[in-house]
Amino acid sequence: MCGIVGYIGKRPALPILVAGLKRLEYRGYDSFGFFALNDVSHFLLKKVGKISEWEEKILETDFKGNLGIGHTRWATTGEVTEKNAHPHWDCNREIYLVHNGIIENYQELKKDLVREGHCFVSDTDTEVFSHLIEEYLKNQNKLEEAVREALKKIKGNYAIAVVSKRDPGKLVVARLGAPLLIGLSDGEYFIASDPAAMISYTRQVINLDDNEIAVLTPQNHFVLKEKPIERIDWEIKEAQKNGFSHFMLKEIFEEPEVITEAIKGRIDFERGLARLGGLEQASEKLSKIERVIITGCGTARYAGMVGEYMFEEYAKVPTKVEVASEFRYRNPLLDEKTVLLAISQSGETADTLEAIREAKRRGSLTLGLVNRVGSSIARETDAGVYNRAGLEIGVAATKSFVSQLTILALLTVFLGRKREMSLVMGRRILEEINKLPQLAERILKQSDFIKELAEKYSEYRNFIYLGRKYNFPIALEGSLKLKEIAWKIHAEGICGGEIKHGPIALLDEDFPVVCIAPSDSVYEKMRNAIEEVKSRNGKVLAIVTEGNREIKELADDVVYIPKTLEMLTPILSVIPLHLFAAYLGLELGLDIDKPRNLAKSVTVE
Ligand code: F6R
């Protein structure tokens, strides 16, 4: 949700800012802007649309300033227009800043500033920042001090980067509730919302904490609190498409690999245990907890729903899934015997973070299942497990979902073996998890066939996805992916048993139904649902287990997945659905990496 970049050093800033911002476009891509300066002049550009359309023209200017900031926007306050794109400036056009986040009290601040004679040119909340800083710079020379005073007035969250012609040669950055990293190299600094924007230049980073302000000059940096230097362990190839036309496709093809990464070093076959180092410190408390609440948003919540089935069936822990955005508004009953498990790829989702804070206030232990190392959720939870799924750039979650399901399966063994789960059952589950990467590869081999199916089904505008038990959340995930990526299509995920309670009224020959019907404990029920659909002339695309001959007779098209334990089928059944959504989006001529209106990391409530 908006991305910011900045540079100060010895090289021309503009090419670095452009390259960095392109890597952040998944955070927002409705408009963008740059500001760079040198001793005598400056460069300013704001545009609606994508950076790539302007890249050549920007670089042709060959502007030589060594200091600059950039922003890619996902509109919250103010429409998508050039004037609302960042950077924003003050009345004298001396202070320029970019902002990721939201200022809740901007209307009152704006009213006061207008009364004092400030002229606003945009409809954004961000612009109050530049005018407030302008006010405080009247009484002092140091930009950082003016920023500090201005921030005291702000309610909301922010990551900001500010430069001023009145206090030149420095870049001031600050954060509260939105991610911000500072990259260090010899005689230069990089700032960004996400490491993807800087890993081509440096691996040495400082993760700025909430309420901290950093001042960067080419020679040195100063942060209010001394911060440890950390290392980014991603490879540059993760931020590249590596031969794929789109990040989303590349990331789906990485699904077998993320399963391998999720389980590497975490399985003890001998003792039938899952080794989750990040949970060691909470291990004793976890033996005693009586209830688990899993929370998250969107796809992460659907992963949680699969976790709910796994935990109750195999670990015998009462478990409930809560939509993070509802959690703190409905007075949840929590105590020290309850653990809240927050699932988030980005680790920055505002609704999920607030749910964690609420659970902490009420005395519960909080755990994170997070992909982004050092993210806010990773830091605010008491303990947790990292996905190790690498950078996910496609706006829609794909490989992170598969990774979340794999770790939830490990967590089932981790929790179960502290309770009634036998050694034999622990080993059995772990052995089956260990086979998943190979089985997932087998599904990807059918990608050409799935592409053909996407072409065939691209003429339809409404879909229903049906699944039961472990595959009900997969019906939700499959339909969410289709409607986000191929957004000209409406799709709904429904529990297989519910279709006859209403949605069946929709069905006719123009309404395809994707039925997830592996050979599991609810297979017969799903077969009945398929029969119900077929007898209303509905089109059926079925996902079934290899060796099943029956469904081929009933369904219009069939995709086969390999056999595994029932609790693990979602990890396989979702793969063809991810591919189907991606290929259908491409078939409709859409940008599958950046579906309209969406941002990858939703850092506002
Ligand atoms: C769907 C999607 C979203 C995210 C949701 C949570 O494809 O990407 O529904 O799953 O916004 O994001 P994280 O996992 O970063 O908390």
Side-chain angles (χ1 to χ4, degrees), residues 1-3 26-28 74 100 177-179 193-194 196 246-249 251-252 255 258 294-307 321-327 340-356 367-381 384-387 389-405 407-408 465 473-474 476-487 491 493 574 577-582 584-585 590-605:
M1 180 147 298
C2 296
Y26 71 87
R27 300 179 66 89
W74 186 82
N100 167 29
S193 310
D194 182 317
H246 293 83
F247 282 109
M248 184 179 178
L249 280 176
E251 286 156 10
I252 298 172
E255 287 178 346
V258 301
I294 305 180
T295 197
C297 299
T299 288
R301 179 169 71 94
Y302 298 152
M305 289 171 70
V306 177
V321 178
E322 296 259 8
V323 188
S325 54
E326 283 296 306
F327 185 70
L340 180 98
L341 169 64
I343 305 181
S344 174
Q345 187 284 130
S346 62
E348 301 294 345
T349 300
D351 290 317
T352 312
L353 252 177
E354 287 306 330
I356 292 165
L367 305 180
L369 170 46
V370 172
N371 192 33
R372 305 303 291 271
V373 176
S375 59
S376 303
I377 293 179
R379 284 185 289 157
E380 289 200 26
T381 41
V385 187
Y386 279 124
N387 287 97
L391 199 53
E392 188 176 68
I393 290 181
V395 162
T398 52
K399 65 172 178 172
S400 61
F401 180 69
V402 167
S403 171
Q404 285 158 358
L405 297 182
I407 291 179
L408 286 164
Y465 282 63
I474 301 310
L476 297 174
E477 165 63 5
S479 66
L480 174 66
K481 219 83 321 171
L482 190 67
K483 65 189 158 207
E484 338 177 61
I485 296 304
W487 48 261
V574 77
L577 300 184
H578 281 168
L579 279 175
F580 185 67
L584 229 158
L590 301 173
D591 182 348
I592 62 170
D593 281 344
K594 294 176 192 137
R596 71 168 181 183
N597 299 340
L598 295 178
K600 182 132 189 90
S601 174
V602 185
T603 54
V604 292
E605 261 200 273

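First listed ligand is number 1; within each ligand, the first listed atom is number 1.
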Using side-chain heavy atoms (C-beta onward) and a distance below 4.5 Å, is Thr398 in contact with Met248?
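Sidechains of Met248 and Thr398: in contact.
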Is there side-chain contact between Leu408 and Ile343, with heavy atoms separated by less than 4.5 Å?
yes
Whether Lys481 side chain and His578 backbone form a donor-acceptor pair below 3.5 Å
no
Okay, side chain of Glu251, backbone of Gly394: is any donor-acceptor separation there less than 3.5 Å?
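It does hold such a pair.
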With Ser400 as reference, evaluate Glu255, Arg372, Glu392 under the side-chain hydrogen bond (donor to acceptor under 3.5 Å, both in side chains) test and give the passing residue.
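Only match with Ser400 under side-chain hydrogen bond (donor to acceptor under 3.5 Å, both in side chains): Glu392.
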Anything with a heavy atom under 4.0 Å from ligand 1 counts, so go ahead and list those protein residues by chain and number.
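These residues qualify: Cys297, Gly298, Thr299, Ala300, Ser344, Gln345, Ser346, Thr349, Val395, Ala396, Ala397, Leu480, Lys481, Glu484.
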Check: Ser376/Glu348 side-chain N/O donor and acceptor closer than 3.5 Å
yes
